[in-house]
Amino acid sequence: MSNATKSRVEDSETSNLEYAVEAPSKKKRKFSPIVWDREEKEARVVSKDRVLPSVPLPSLYPSPHRSDVASDADVSKVDIFEPENLSQGTALSTAEAAVADGLVGICQSKNPADLSPSPLLREQYDKTHVQMEEEVLVEARNISMSRWASDSDSPRDMSDDECTPNRQHSSPESGEFRREDSVGGRTRTFASDEEGSFLGSGSGGKYSENDLTDKSMVIDENDGENVVISQVESDSEYDDRFPMEEPTVSSQRQINMLQGCRSVFEYEKLNKINEGTYGVVYKAKDKKTGEIVALKKVKMDIDRDGDGFPMSSLREINILLSLNHPSIVGVKEVVMGDLDSIFMVMEYMEYDLKGLMEAMNQPFSIGEVKWLMLQLLEGIECLHGNWVLHRDLKTSNILLNKEGELKICDFGLSRQYGSPLKPYTPLVVTLWYRAPEILLGARQYSTAIDMWSVGCIMAEMVAKEPLFRGKTEVDQLDKIFKTLGTPNETVWPGFSKLPGAKAKFVRQPFNTLRKKFPAASFTGSPVLSDLGFDLLSKLLTYDPEKRITVEDALNHDWFREAPLPKTDFKPSFPELNSQKRYLTADSLRNFYSNKP
Ligand SMILES: Nc1ncnc2c1ncn2[C@@H]1O[C@H](COP(=O)(O)OP(=O)(O)OP(=O)(O)O)[C@@H](O)[C@H]1O
């Protein structure tokens, strides 16, 4: 369990405990680029142990902490890892093409001569490179022109927030400090049991140059899948408040073509964990250190239009290498296999939330749900604070380890600006956590889409079953409307103008969510206090502009009422079945028969 997350504490006037109190923030809210200012919370108590960031994405720069992991490419390529595919002569060239496209500096080679790309790979690199350049430019421009762009509001003051973007040029001093330093001096970490007693203290597919001259960023989604950046808001008031800055990306971007990756043969493959849309995940052991890791093999046959390294994978790697947060799965390095294989080496997590819930015979307790929610929200706060939308939050993308630490994984769909999304199979990309604005074909959406997913995940953790299990998009909307009531212009201004709103949906005048989660129950239905229900309702709010932000969710009083977050929660299941991430009948039987 990470100290950072464990020690998140919120202020409460009703509490007689002392907490570290952060002064009311002067910053504008910094969540959705298309959702405007709201009242700020008066005060928020935060952890004394949190490691805080200093700089935003986009970062094509590797972590200084991570580049040292891969220092020896001159390794023997023992033929134990997919030997049939081994082609030493071309491997480095492939890796180089990938490296040059953003895996910059995460690998090193002792022999630069090995790294000259073949003409074919050179061409692939050039194509992908141009696309990356455009995206990076747009992303950076938008960040600098956002409402955070003033001195006090810039994402560069992410030191006020929760995560540490890894950048080659950032010094540890500037990148990290403890929140307790900032204000007040009153700090306390906490742990609780279930009863609440404290146990411890302490637009259309392409963007143009013109797009770069506007003031704020939104994301367009065309035809359901093609996501691009477009620009909104150009009023003078905005200009006054948030003066434009020139992008600095071109001077920041540095590609070291002479750096290469370590080989996957440094690892001993143990077994396949799972196969998702974008890659196969293996459990493996570092031969030198014995450390157990997860290796995600990047699929090369999708999402690349036949001409390069998959953009989804590059983005995922870039994001994961750029962010360092206890609730975001850590990537140790990127290694290369054969001509067409690149692997991400990640910290190994024993469970994913989906598999775990399938294996449990009881739902989580409310204290456990709170603890998991806090960790999840903190990871999302880090993402949103760095202009990253996850866009595919679901229970199988939330990993847990034996220590009860939760980490978000699978950033394959994150920040897919300008690149079509091509799910390998529609069955895999679930609709269940998808926000109504996306289902209804909204062309602009924001961080609120992730918050909807969090609402679905919260409900699922409480009830131990998915909240809305639609089979098609229309079915998904029907299921949502049946429970939350059919939206209208009153609850969701702008709803009727959404492309999908013309369809005939169920007419449900009432919100019946409370019935599913009563405050007290004699029927065995999951129970949620008024505060818990309030948070859930705010997460599952139709209007994205009114939907709760991650910061407000983290400040919600539900986390301060008993039972408190169960910070000492540790999943007590044996490690999940390696193939499917859920327990075999045998291991379950053994598990329960051995229980006292
Ligand atoms: N670091 C890890 N440790 C252990 N298991 C992991 C790790 N990363 C991923 N997994 C397992 O592999 C599965 C697939 O991983 P991931 O979601 O990253 O792949 P994907 O191809 O992007 O999947 P999707 O189809 O959901 O987009 C996860 O649901 C999880 O069970």
Side-chain angles (χ1 to χ4, degrees), residues 225 267 269-286 291-304 310-321 323-335 341-359 376 379 383 389-416 419 421-434 453 457 460 466 571 573-583:
E225 300 291 54
Y267 294 91
K269 183 167 71 172
L270 298 176
N271 54 262
K272 186 165 144 183
I273 298 172
N274 211 337
E275 177 159 4
T277 311
Y278 293 95
V280 187
V281 184
Y282 299 95
K283 182 176 179 182
K285 185 160 90 177
D286 187 322
E291 187 187 5
I292 300 295
V293 297
L295 289 179
K296 182 168 176 180
K297 184 179 179 185
V298 174
K299 276 189 181 155
M300 303 295 284
D301 56 343
I302 54 168
D303 192 33
R304 63 171 183 176
M311 292 300 291
S312 58
S313 306
L314 283 181
R315 290 192 188 89
E316 175 166 31
I317 292 166
N318 264 328
I319 288 167
L320 285 173
L321 284 171
L323 297 175
N324 182 12
H325 187 276
S327 296
I328 296 174
V329 72
V331 173
K332 295 168 182 296
E333 61 173 324
V334 176
V335 294
S341 68
I342 300 284
F343 295 80
M344 260 196 292
V345 183
M346 293 180 280
E347 58 187 315
Y348 177 72
M349 305 289 286
E350 282 86 1
Y351 314 94
D352 66 45
L353 192 56
K354 178 169 185 276
L356 192 62
M357 285 196 287
E358 281 167 2
L376 175 61
L383 297 180
L389 306 188
H390 189 283
R391 307 200 321 150
D392 196 20
L393 287 171
K394 56 187 178 185
T395 49
S396 61
N397 288 340
I398 294 169
L399 306 175
L400 288 167
N401 64 18
K402 286 187 167 156
E403 299 308 307
E405 290 175 332
L406 175 151
K407 294 178 196 274
I408 303 167
C409 76
D410 191 2
F411 289 74
L413 296 188
S414 302
R415 293 176 71 112
Q416 289 266 328
S419 181
L421 307 181
K422 292 182 179 169
Y424 195 57
T425 151
L427 289 176
V428 180
V429 180
T430 179
L431 296 164
W432 299 350
Y433 308 88
R434 198 175 284 182
S453 307
I457 291 166
E460 188 168 340
F573 282 105
E575 191 172 332
L576 299 184
N577 174 281
S578 57
Q579 285 295 321
K580 290 284 186 186
R581 307 294 285 168
Y582 48 76
L583 291 164

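Both counts, for ligands and for their atoms, begin at 1 and track the order of listing. Treat the numbers as computed from the prediction; the structure is a model and nothing was measured.
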- Query: Checking Asn318 side chain against Leu321 main chain: does a donor-acceptor pair fall under 3.5 Å?
  - Reply: no
- Considering the heavy atoms of Met349, write down every atom of ligand 1 situated less than 4.0 Å from one of them. 3 (N), 4 (C), 5 (N)
- Task: May I ask you to test the Thr395-Tyr433 pair for a side-chain heavy-atom distance under 4.5 Å?
- Result: yes
- Item | Numbered atoms and elements of ligand 1 in range of Ser396, under 4.0 angstrom, heavy atoms | 28 (C), 29 (O)
- Which of the atoms in ligand 1, numbered in the order shown and given with their element, are less than 4.0 Å from a heavy-atom of Leu399? 1 (N), 2 (C), 7 (C), 8 (N), 30 (C)
- Side chain of Asn397, backbone of Asp392: donor and acceptor closer than 3.5 Å? yes
- Proximity of Lys296 to ligand 1 by residue part, where a heavy atom lies under 4.0 Å: side chain
- Query: Are the side chain of His390 and the backbone of Cys409 linked by a donor-acceptor contact shorter than 3.5 Å?
  - Reply: yes
- Is the closest side-chain heavy-atom distance between His325 and Leu323 below 4.5 Å? no
- Message: Could you tell me, atom by atom, which parts of ligand 1 come under 4.0 Å of a heavy atom of Val329?
- Response: 1 (N)
- Task: Could you walk me through whether Lys296 and Asp410 pass side-chain contact (heavy atoms from CB on, under 4.5 Å), step by step?
- Result: CA-CA 10 Å; Lys296 182 168 176 180; Asp410 191 2; 4.0 Å; yes
- Query: Can any side-chain N or O of Lys407 pair as donor or acceptor with the backbone N or O of Pro326 at less than 3.5 Å?
  - Reply: yes
- Query: With a cut-off of 4.0 Å, which atoms of ligand 1 are near a heavy atom of Asn397?
  - Reply: 17 (O), 26 (O)
- Would you say Val281 has any N or O atom under 3.5 Å from an N or O of ligand 1, going by distance alone? no
- Task: Number the atoms of ligand 1 from 1 as they appear, then name those within less than 4.0 Å of a heavy atom of Lys394, with their elements.
- Result: 26 (O)
- Task: Please could you name the atoms of ligand 1 that Ala294 approaches to less than 4.0 Å, counting only its heavy atoms?
- Result: 1 (N), 2 (C), 3 (N)
- Search all heavy atoms of Asp286 against all heavy atoms of Tyr267 and return the closest pair with its distance. CA-CD2, 3.5 Å
- Query: What are the atoms of ligand 1, with element, lying closer than 4.0 Å to any heavy atom of Met346?
  - Reply: 1 (N), 8 (N)
- Item | Within-cut-off N or O pair, Glu316 and ligand 1, under 3.5 Å | no
